[in-house]
Each structure stands twice: as C-alpha cells, then as structure tokens.
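Below you'll find the structure, written out as structure tokens, and then a few comments.
Numbered from 1 within each chain, the chains take letters A, B, ... in sequence-line order.
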2 protein chains.
Amino acid sequence: MLQQDALRDRIVARFDEMSPQLQQAARYILENTQEVALVSMRELARNAGVQPATMTRLAKFLDLSGYEDIRAHFSEALRLRADGFAARAREREGEQGQAGSGLAHDMLQSLSAQIARLSEPEALARLEGAADLLGQARRVYVLGLRSCHSVAWHFHYVMTLLGDRTVHLDGPAGTGADGLLWAGPEDVLLVISISPYAVQSLELSALAREKGLSVVAITDSEVSPLIAISDQVILCSTESRTFFHTLTPALAVSEVLCGLMAARDREGSLKALQAADQHLATLDIYANTIPRRRI
Amino acid sequence: MLQQDALRDRIVARFDEMSPQLQQAARYILENTQEVALVSMRELARNAGVQPATMTRLAKFLDLSGYEDIRAHFSEALRLRADGFAARAREREGEQGQAGSGLAHDMLQSLSAQIARLSEPEALARLEGAADLLGQARRVYVLGLRSCHSVAWHFHYVMTLLGDRTVHLDGPAGTGADGLLWAGPEDVLLVISISPYAVQSLELSALAREKGLSVVAITDSEVSPLIAISDQVILCSTESRTFFHTLTPALAVSEVLCGLMAARDREGSLKALQAADQHLATLDIYANTIPRRRI
DNA sequence: CATCCTGTGAAACATTTGTTGCAATACGCG
DNA sequence: CGCGTATTGCAACAAATGTTTCACAGGATG
C-alpha cells in the first residue's frame with residue numbers, strides 16, 4: 001500500500017495504548033483492509049475473533065464518531081485502488097461549512113479516475129481497433145446529437161485539420177442527415193451517444209448500417225442499443241456527482257482516436273497541418289494580443 | 001476487466017428481456033460494478049433511480065435466490081481485483097517503453113494527470129470564484145470559437161437544462177455576435193479560448209468588457225491575452241503528445257462550473273431538470289432501443 | 001366493453017446492523 | 001485481602017437492511 005493513509009497510520013501509532021481486545025481487532029483490520037469495506041461489522045468482528053462492540057469501541061478510541069467512519073475510509077481507499085487510480089490521498093479533514101464546497105474537488109478526482117480507467121488493456125485494444133477501422137475508411141461520417149454534439153464536433157474539427165475525409169452529420173434546418181446520401185460500404189460512421197439515447201442518432205445509425213457502412217460507437221454501456229449494430233465499440237463512463245452526465249471521458253476518447261489516426265501517417269498529418277496553418281494565417285483568424293478595434 | 005465474469009455476461013445477455021425498471025437497475029450495476037460491493041442495496045437503488053424492490057426483482061430475474069447473491073459476486077470480483085492491483089501496476093510500468101501503440105495509453109495517463117492537477121487548492125479557488133460570478137449574473141453569454149466551440153456549446157447545453165439564463169454567442173451566417181446587443185453590466189461573459197487565440201473571440205471579449213460585462217475566461221496560459229480583460233480566469237493545460245492541443249481539461253472545467261452552479265440551488269436545479277425531462281419526453285426525443293423504421 | 005396480464009410503487013415485514021447501557025470479570029495497588 | 005479501575009461480554013435498542021405482499025395503472029386480448 002503505497003498511498004498515504006492517515007487512518008492506518010493512526011491505528012499503528014496508537015496500537016500500543018490499546019487494550020488486548022482492541023489490539024486484536026486493530027490487527028485484523030490492518031491485515032485485512034479490504035474486508036472492512038466488504039463485510040458487515042458483525043461479520044468482521046466474528047472473523048477477527050472479537051465482540052461486535054469492540055469494533056465500535058475501537059472507532060471511539062481513534063476519536064471517530066463510530067464504526068461507520070472506519071468503513072467509509074477503507075471503502076474509499078478500495079474504490080480508488082480498484083479504479084486503478086494512482087494513489088491520491090483524499091484529505092477530507094477540513095470539510096468547509098459551505099455546501100458543495102468539496103464538489104469541484106470530487107468531480108475532478110472522479111474524472112481523472114474515469115479517464116485513467118480508459119487506459120486499461122481492454123479499453124486500449126478497443127481504441128486501437130476503432131482507430132484501425134476509421135483509418136481505412138474512405139470517408140468518416142460523424143454523428144453526435146444533443147449532449148454529444150460537442151464530442152462529435154470536436155472530432156470533426158480536429159480531423160478537418162488533417163484532411164477532408166470527415167463529414168459532420170449536423171446542420172441547420174434539420175439537414176444534418178442528408179450527408180449520408182452518398183455514403184456507402186467503404187465509409188464508416190462514428191456515432192457518439194449516451195443514455196438517454198437520442199432517437200435520431202439510433203435511427204441514423206441503423207440506416208447507415210443498412211447502407212453498408214461500418215459503425216464505430218462511443219457510448220456508455222454494454223447494453224447500449226448501439227452495441228448491436230456497431231463493428232467497434234468504445235465504452236466510457238458518464239457517471240458524475242452532479243445532476244448531469246459527464247462527457248469529459250468521451251471527449252478524451254475522441255481525442256485519442258484523432259491522435260492514433262494522426263500517428264499512423266505522421267508525414268501526411270504534418271503536411272496537412274501546415275496547409276491548414278497557412279490557410280488560417282492568410283485569413284487572419286488568429287492573434288496573440290487583443291486586437292485594436294476596427295471601427 | 002480481463003477475468004471472465006459469468007454474472008455480468010448473464011446480465012448483458014438477458015438485458016433485452018428486462019422491463020424498463022429492471023434495465024435501469026441492470027444498467028447502473030454494469031456501469032458501477034464496484035458500488036454493488038461497497039454500498040447497501042437501498043443506497044444502490046437510490047443512486048440508480050430505482051425502487052429497492054427492483055433490485056431484488058432483478059436478482060430473481062437472473063435466477064438467483066436474492067440480492068445477496070449479486071452482492072456476493074461483485075464483492076468477490078472486487079476482492080480479486082484489488083489483490084491483483086499491485087501486479088497490474090508493475091505490468092504497467094513495463095509497458096512504458098513501447099512505441100506508437102503506447103500512444104493511447106500515454107495520452108490517457110497524461111489527461112488523467114492534467115485533470116487531477118486541476119483539483120489543487122489554487123485551481124479550486126479559481127473555480128469557486130468563477131462559479132460565484134457566473135451564479136450572480138442576470139445572463140451568461142458563452143463564447144468559444146473554432147476548437148473551443150465544443151466546450152462553449154456543452155456548457156451552454158447543460159445550462160439550458162437548468163434554465164434560460166445562458167446565451168450562446170454563435171450561430172449560422174455569422175450572426176453569433178449579435179447576442180451581445182442587449183448585454184449589460186449585470187451580465188457575465190464566459191469565454192473559452194486557447195492558443196492560437198481566435199481574433200474574433202478576443203474582439204468580442206473586449207467589446208463585452210466595454211459594455212460593462214464581467215468576464216470569466218477559461219484559457220491556457222498566464223500570458224493569454226484574455227487575462228488582462230478578465231475578472232476571473234481558470235487556467236487549464238492543453239498540452240498533448242499529439243499534433244493538436246487537448247480540450248479535455250477545458251471541458252472538465254466547464255462541467256465543474258455547471259456542477260457548482262447547480263449545487264448552489266439544488267432545489268431549483270432539480271425542478272428545472274424535471275421540467276426539461278418532461279419537455280423532452282413529450283417530444284419523444286429519447287429512446288433505449290433502436291426504433292423500428294418509420295417507412 | 002370487460003378481462004386478463006404485466007410492471008410498478010408503496011407499505012409492511014422479519015431480519016440484521018451498529019450502538020449503548022449495564023453487569024461481570026480481571027487486574028493493579030495499598 | 002479489599003478496593004477501585006479498566007476491560008470485557010451480554011443483552012437490549014433503534015435504525016437500517018433485504019424481502020415480500022398488495023393494490024393500482026396501463027396495455028393487450030378476447
């Protein structure tokens with residue numbers, strides 16, 4: 001256990017002052033950390049050869065309000081560890097009076113973990129597979145509606161800098177779907193959709209499939225309706241402590257896909273980017289200082 | 001998840017036969033596996049937005065004797081997973097040297113770290129400050145062009161679900177800027193811009209400032225031109241191992257801002273979201289299965 | 001239209017949980 | 001030995017858990 005663990009340290013530090021029974025309980029906890037999170041206090045006490053009350057007393061002895069605090073602590077530790085998340089101690093010591101003051105911190109930690117989880121071997125394999133498919137396509141149609149628009153658009157935008165192979169299936173006046181008109185079996189549809197799934201995204205994906213396109217899906221669950229009709233699926237978490245779903249992991253996925261595709265053809269990508277740079281330069285799109293006002 | 005997981009597979013396999021409520025429960029379990037082991041059934045049900053009884057019913061549906069079987073299974077999985085963690089970490093170190101194929105892994109690790117860095121005290125303080133300012137505004141104008149469009153739009157989209165205070169400064173036919181016409185000192189401009197900075201973003205921000213608006217900026221550097229004209233600045237890294245900049249941290253920031261603002265007024269937010277849900281439901285925007293084709 | 005059926009929410013249920021008060025015990029010290 | 005203190009076990013407690021039951025709503029079927 002690499003991470004700093006305040007509670008664990010406290011137990012060790014005060015171990016000598018404890019009564020024999022408390023020591024027995026404490027010893028068992030130290031040696032079976034994860035059990036604390038996984039079983040009830042009574043069962044833990046049973047396994048430790050100790051009375052249930054002793055666990056409560058141990059908690060009080062450690063200046064905690066009750067056994068629940070012990071469990072909460074080790075639960076959190078286990079959560080983080082199972083996340084495969086590089087140990088980052090959560091110091092909850094100073095809970096500010098403000099409601100939701102720790103929210104930002106929690107959200108960011110959680111996002112960081114969710115993205116880290118994407119770098120597990122299985123997810124990586126899926127990313128590679130998807131990049132393969134997208135890389136071979138004659139044209140890549142990108143579809144993401146409502147909340148997923150941001151991801152779809154960003155993917156399209158980046159790919160635009162690398163060439164003109166991508167088509168964004170969106171547009172004013174509901175003409176988005178028209179883009180599929182000339183699509184065929186050599187093409188690929190990249191669809192991003194999370195629960196609740198926009199009907200139109202599902203319909204268009206099904207249509208694309210019928211037209212013979214391959215389908216790559218970025219979605220949120222193994223039971224997403226997109227799974228059935230997709231050749232490659234990338235799953236990303238959307239859980240958030242807020243009222244809404246997060247799209248940050250999905251965006252990360254789309255950026256990785258762009259990165260992988262660009263890496264397949266370094267030469268071409270560089271040349272394309274130079275062309276894009278030049279194009280944008282002649283249009284005076286960018287600046288580094290606040291421009292004086294043209295009146 | 002490398003290991004075979006019979007129960008998980010069974011859930012996925014029989015998902016289609018489930019009733020909507022069962023599906024919702026099953027979906028949550030699939031996406032939050034570890035929570036099953038760590039919290040009580042009732043709490044799990046609460047988080048999944050489902051009645052406690054539904055969890056029991058799900059267990060029965062899966063031919064188990066009760067919910068306890070589900071928990072036992074995922075507990076065991078988590079136990080194994082946590083045990084295997086040390087080994088896996090060592091594996092990960094070994095993989096580092098690989099070229100090309102490690103790109104995805106590197107990118108994700110790096111993104112994870114960048115976001116984690118945002119939860120440092122100073123960044124958190126800035127986030128709180130920005131949320132304060134945005135929360136007090138009569139109206140929030142959101143501006144993000146080119147690559148930053150995705151972030152701006154996502155912020156606007158989420159805030160739309162919470163009310164009608166935000167105005168997205170973008171639109172077809174170059175009319176985006178017109179939105180500022182009626183803006184005044186009680187309003188706030190949220191501008192997202194990273195290097196290279198779009199001229200128009202800078203111009204509009206300067207204009208907003210002249211009209212008396214407060215300015216909150218999400219940008220990438222302490223020497224960003226936006227710093228000079230902003231009341232609150234949130235810095236986020238855009239470094240990436242690819243040819244392009246990453247916007248994932250910026251998106252994370254925007255989601256945190258949304259989260260903070262929603263948390264200030266839980267009541268109002270919940271009510272607004274319910275209204276939005278109802279609105280979208282009556283429009284039949286969403287579905288959970290691929291719709292049969294309307295011919 | 002009546003009828004069945006399935007899916008759902010709410011309430012009641014027995015059980016288990018974590019906690020606490022109290023008596024029994026062990027132990028140190030004069 | 002006697003006494004006081006600290007530790008322990010036990011039993012009772014309220015709160016929660018997981019389960020079951022029942023009634024109702026909505027859709028299909030005859």
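Distance CD (A/Q23) to P (D/dA6): 17 Å, rounded to an integer number of Å. Look at CD on A/Q24: it is 14 Å from C1' on D/dT7, rounded to the nearest Å. Regarding B/L44, its CG atom lies at a distance of 18 Å from the P atom of D/dA16, rounded to whole Å. In this structure, the CE atom of A/M41 is 20 Å from the P atom of C/dT15, given to the nearest Å. The distance between atom CE of B/M18 and atom C1' of C/dG7, rounded to the nearest whole Å, is 15 Å. Residue B/M55 contributes atom CE, which lies 13 Å from atom P of C/dT8 at whole-angstrom precision. Rounded to an integer number of Å, the gap from B/R46 CZ to C/dA10 P is 14 Å.
For the pair B/S19 and C/dT8, the criterion of a side-chain N or O lying under 4.0 Å from OP1 or OP2 is met.
With hydrogens and angles ignored, a donor-acceptor pair closer than 3.5 Å exists between the side chain of B/R57 and the base of C/dG9.
You'll find the side chain of A/Q114 reaches within 4.5 Å of the side chain of A/E239, heavy atoms only.
Residues B/R46 and B/E43 are not paired through a salt bridge, judged by the lack of any N-O separation under 4.0 Å between the basic side chain and the carboxylate.
Annotation: proximity of residues 58-66 of chain B to DNA chain D (heavy atom, distance under 4.0 Å) is found for B/K60, B/G66, numbered in ascending order.
Counting non-hydrogen atoms under 4.0 angstrom, B/Q51 reaches a base of the nucleic acid.
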